Amino acid sequence: MEDSTLVEIKNLTVWYRVYGGLLRVLDGVNLSVARGQKVGIVGETGCGKTTTVKAILRILPKNAVVPEGTIMFQGRNVLKMRGRELQELRGQGIAMVFQDPTAALNPVFTIGQQIMEVIKYARPGGKAKEWREMAVRALKEAALPDPERLMENYPFQLSGGMRQRVCIAMALATARTLLIADEPTTNLDVTIQDQVLRLVRRLVEEKGTSLILITHSLGVAREMTDLVYVMYAGTMVEVAQTDELFDNPLHPYTLGLLQSIPKLTGGGVTQGIAGRIPDYANPPPGCRFAPRCDQAMPICSERKPALFDAGGGHQVACWRFAAGGEAVA
Amino acid sequence: MRLGVKRLPDDGLLEVRDLKKYFPTKRKGVFVRAVDGVSFRLKRGEVLGLVGESGSGKSTTAYTILGVYEPTAGQILFKGQDISTGLARRPLALKKEIQIVFQDPGTSLNPSRTIGQILGVPLAVHRIGTRAERQQRIAELLRLVELPVDFMYKYPRAIGGGERQMVAIARALATNPSLVVLDEPTSALDVSVQAKIINMLMKLQRELHLTYLFISHDLSLMRNVATRVAVMYLGKICEEASTPELFANPLHPYTQMLLSSIPVVSKAEEATKPKRIRSTGEIPSPVDVPPGCGFHPRCPFRTEACSREEPAMREVEEGHFVRCHLLGAGVPGDGQIH
C-alpha cells in the first residue's frame, strides 16, 4: 500500500438479512482514497453508496453481514476494530455529514452544547472554556454569522442551509483525516447548495482533510471532486479522474446517466435508461447492469466483469473493454 | 407592421392578474405573503415553467389557480371566464378542465385502492360513461402512458416510483383537461426515471394539445421542456421570457444567481452560465418581506433605491419582462409598450 493512501477498500461485500432471504447489496466493492483527495461516489437511489460509507464507519444496521472484504483506514482494518479503537475512529478519525441536518441535530440541545459535546469527545480532559472557544471558532470557520449567539440557538431557529453548515462545522470542529458527506445538499435549494458545497471544499482544502462525497448528482461530483466512482447496483462500474470521466465516459451506465440529465444547453430530454435496478435478493449472475444495457453481449449475463484498465488510470467494469485492457482488480 | 393582416384569434387559455394569496399567522395583522402580486398569461399549447426556490410561492400560485386556496386578491381568468374562487364554488365542469400531477406519487395515490380504482375516481366524479365504458377508459388511460393494462389490478406499492407517477399522470388526464398543473412531478425521482416521465409528459402534451403550468425548481429541466419561463422570488415574478431568450440573456440578478449556482456536467454548459454572480444569503421569510425589492438583501448590485422602492415589471425586450431597478433608465425601450 502506498504511503499516501488513507482508505483502501478491497472486495467489500455486504448482505442484508431480511425476512425470507438475503439481499446481496454490495458485490465486491473496491475504493481507494488518498490523503487530501476529494473522492465522489455517484449513483442512483439504492445503488449502495450509503451502505459503502456506513461500512467504513461500522454503522451498518444490525441485519447487515460482511462476508468478505477489507477496509483499511490508516493501515488498520476497520472491520476488525473493537471498542476503544472504533470510538477513536469515529470520534477523531472520520467525521460524517448526513443528508438531513434536521434529523442529525438534536432538537432539545443548543447548537453550542452539541458542538462542544463532539469536541469533548475528541479531547477529554480539556477545560469547558477551551471547548467553548473551539466551538465558536468552528462556527466562525464555517462562515456562520454571529457565532456567539448561534451557540445559544436551538436547531429549529435555523434554516435548513444554516443547519447543514452547523453540521459541517461540527464535523470539522476537531482535526479529522476524513470527512464523509452523504448527499449533504440534496434537501437544499440550488443557491444554498452552491454555498454549502463551496464551504465544504474550502474547509477540506484548508485543513487537508480527505473527502468522500456521496451524491446522486453528476454535476455536483464534477464540481467538487478529483476522482469519481460511478456505482450501480452494489458494484463500482467506472472510476476515473473527474475531468477524464466527464470528457470520456465509457461505461454504458455512466453514458445513460449523463444522457438522462437535462442540460443547460438544451437539446431536449432523452429516453433515460430502460428497466430498473435489479432485485438484490436475486441479482443477475454476470454484470448487474446487463439486463438494462443496450450494448450487452452473451458474456455479460454469464460472468461478472472485473475493473479493466482503459488507460490513464481510467477503469471500467465492462466486458467491452476487456480486450485491450488488463484486469486491475 | 403589415397592415390588413387579420389578428389571430385570441389563443389565451389562462390569465392571472395581480394574484395575491396571504395566509394569517398567530399574530394579528401579520400575514404570510406567499403570493404577492403575480401576473402571467398562458396560451393554448404552451408549457410555462414557473421556477423558484422553496418559499418563492410557486406552489401556492399553482394551488390557487387550481382552487385549493381562495385568492386574497387578484383575478384568475380561464378561457375568458373569471374563476377567482375556491373549489367549493367552482362548477364541476370547470374542475374537469384543470387537473394536477403532484410531486410525490407515493403519497398522492391511495395505497388501499388498486390502480384501476384510482383511475376510476375522476371518471365517477365527473359521471363519464357507463360502468363498462369506464373500465374501457381505464385500460385506455394505462395504454396512453404505456403501462401494461393488467396494472389496473395492482396496488401502488407493487409498482415502481416512476410507474406510480405515470399512473398519477393518467389520472390527471382521465377527464380530458385542457390545463394540467405539474407540481415538481419528477423531483422525487432519479434522473434516469425522470427522463422517462418527462418524455412521456412532452409526448402527451404534443399529441393531446395540452397546456402545462410546470412548477419546478430545476432550471436545467425547464430549459428543455418549457416554451416560456417565469422566475419567482418571494411571492413575485422577477423575470419572465421565452425559454431561449431567458437562458441566453438572463437579466435579473436573481436569475443570474440561480443559473450560476447550477452544477453542470460539461464545459459547453459551463460556458452558458453567467459568471458574474455568486450565491450569498438566503430567501427571507414571506412573513417579513424586506422593503423595496425583495431580492435586495442578497443582490450584489443593489443601490439605495432598491431598499426603498419596489421595482415595477418592465418589458425590456419584446416578451422579456424583468422586475429590477438596474434595468430602468438607460435601457432602450424600457417600460414602454410598443
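Being a predicted model, the structure only gives us computed values, none of them experimental. In what follows, chains are A, B, ... by sequence order, proteins preceding strands, each numbered from 1.
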* **Residues in residues 194-207 of chain B near chain A [non-hydrogen atoms, under 4.5 Å]** =>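 If one takes a 4.5 Å heavy-atom cut-off, the residues of residues 194-207 of chain B near chain A are B/Q194, B/A195, B/K196, B/I198, B/N199.
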* Distance (rounded to the nearest 0.5 Å) between B/S261 OG and A/Q195 CD ->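 Between atom OG of B/S261 and atom CD of A/Q195 there are 7.5 Å.
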* Which value, rounded to the nearest 0.5 Å, describes the distance between A/T191 atom OG1 and B/E282 atom CD? ->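 Spacing of OG1 (A/T191) from CD (B/E282) equals 8.0 Å.
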* Asked: For B/R278, is it the side chain, the backbone, both, or neither that has a heavy atom closer than 4.5 Å to a heavy atom of chain A?
  ->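 Both the backbone and the side chain of B/R278 come within 4.5 Å of chain A.
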* Asked: Which region of B/S266, side chain (C-beta onward) or backbone (N, CA, C, O), has a non-hydrogen atom less than 4.5 Å from a non-hydrogen atom of chain A, or is it both or neither?
  ->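 For B/S266, backbone heavy atoms alone lie under 4.5 Å from chain A.
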* Report yes if some heavy atom in the side chain of B/V191 is under 4.5 Å from a heavy atom in the side chain of A/E44; otherwise report no. =>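 Yes - at least one pair of side-chain heavy atoms lies under 4.5 Å apart.
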* Asked: Of all of B/L219, B/L259, B/I262, which one pairs up most often with chain A through heavy atoms under 4.5 Å apart?
  ->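 Among the listed options, the one with the most contacts to chain A is B/I262.
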* Specify which of B/S260, B/S220, B/A248, B/A271 makes the most heavy-atom pairs with chain A at under 4.5 Å. =>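 Most heavy-atom pairs within the cutoff with chain A belong to B/S220.
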* To do: Please list all pairs passing the ring-ring contact (aromatic ring centres under 6.0 Å, His included) test where one or both residues lie in residues 254-283 of chain B, with sequence neighbours left out.
  =>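 Those involving residues 254-283 of chain B are B/Y233-B/Y254, B/Y254-B/F295.
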* Asked: Taking only residues at least two apart or on different chains, which pairs with a member in residues 181-228 of chain B satisfy ring-ring contact (aromatic ring centres under 6.0 Å, His included)?
  ->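 Output for this query is empty, none listed.
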* Where is the tightest heavy-atom contact between A/K263 and B/V265, given as atom of each residue plus distance? ->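 Taking every non-hydrogen atom into account, CE-CG2, 3.9 Å.
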* **Selection residues 227-253 of chain A - residue pairs positive for salt bridge (Lys or Arg N to Asp or Glu O under 4.0 Å), sequence neighbours left out** =>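 The answer is A/D247-B/K267.
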Would a distance-only check, ignoring hydrogens and angles, find a side-chain to backbone donor-acceptor pair under 3.5 Å from [X] to [Y]?
X	Y	answer
B/E269	A/L264	yes
B/D190	A/T45	yes
B/N224	A/G267	yes

[X] versus chain B, the contacting section by heavy-atom distance below 4.5 Å:
X	result
A/A221	neither
A/L258	side chain
A/E223	side chain

* **Qualifying residue, where the test is side chain to side chain contact (heavy atoms under 4.5 Å, CB included) with B/P263 and the options are A/M224, A/R222, A/Q193** =>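 That would be A/Q193; it is the only one of A/M224, A/R222, A/Q193 passing the side chain to side chain contact (heavy atoms under 4.5 Å, CB included) with B/P263.
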* Check the side chains of B/S279 and A/R198 for a donor-acceptor pair under 3.5 angstrom, ignoring hydrogens and angles. =>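 Note: A/R198 and B/S279 side chains miss the donor-acceptor criterion.
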* Asked: Out of A/G272, A/S217, A/G268, A/P145, which one racks up the most heavy-atom pairs below 4.5 Å with chain B?
  ->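 Counting heavy-atom pairs under 4.5 Å, the top option is A/G268.
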* Among A/L197, A/L218, A/I261, A/I192, residue most engaged with chain B (heavy-atom pairs, under 4.5 Å) ->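 When all of A/L197, A/L218, A/I261, A/I192 are compared, A/I192 has the most.
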* To do: Verify the neighbour count for atom NZ of B/K273: are there more than 12 heavy atoms of other residues, nucleotides or ligands below 6.0 Å?
  =>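 Atom NZ in B/K273 is crowded, with more than 12 foreign heavy atoms closer than 6.0 Å.
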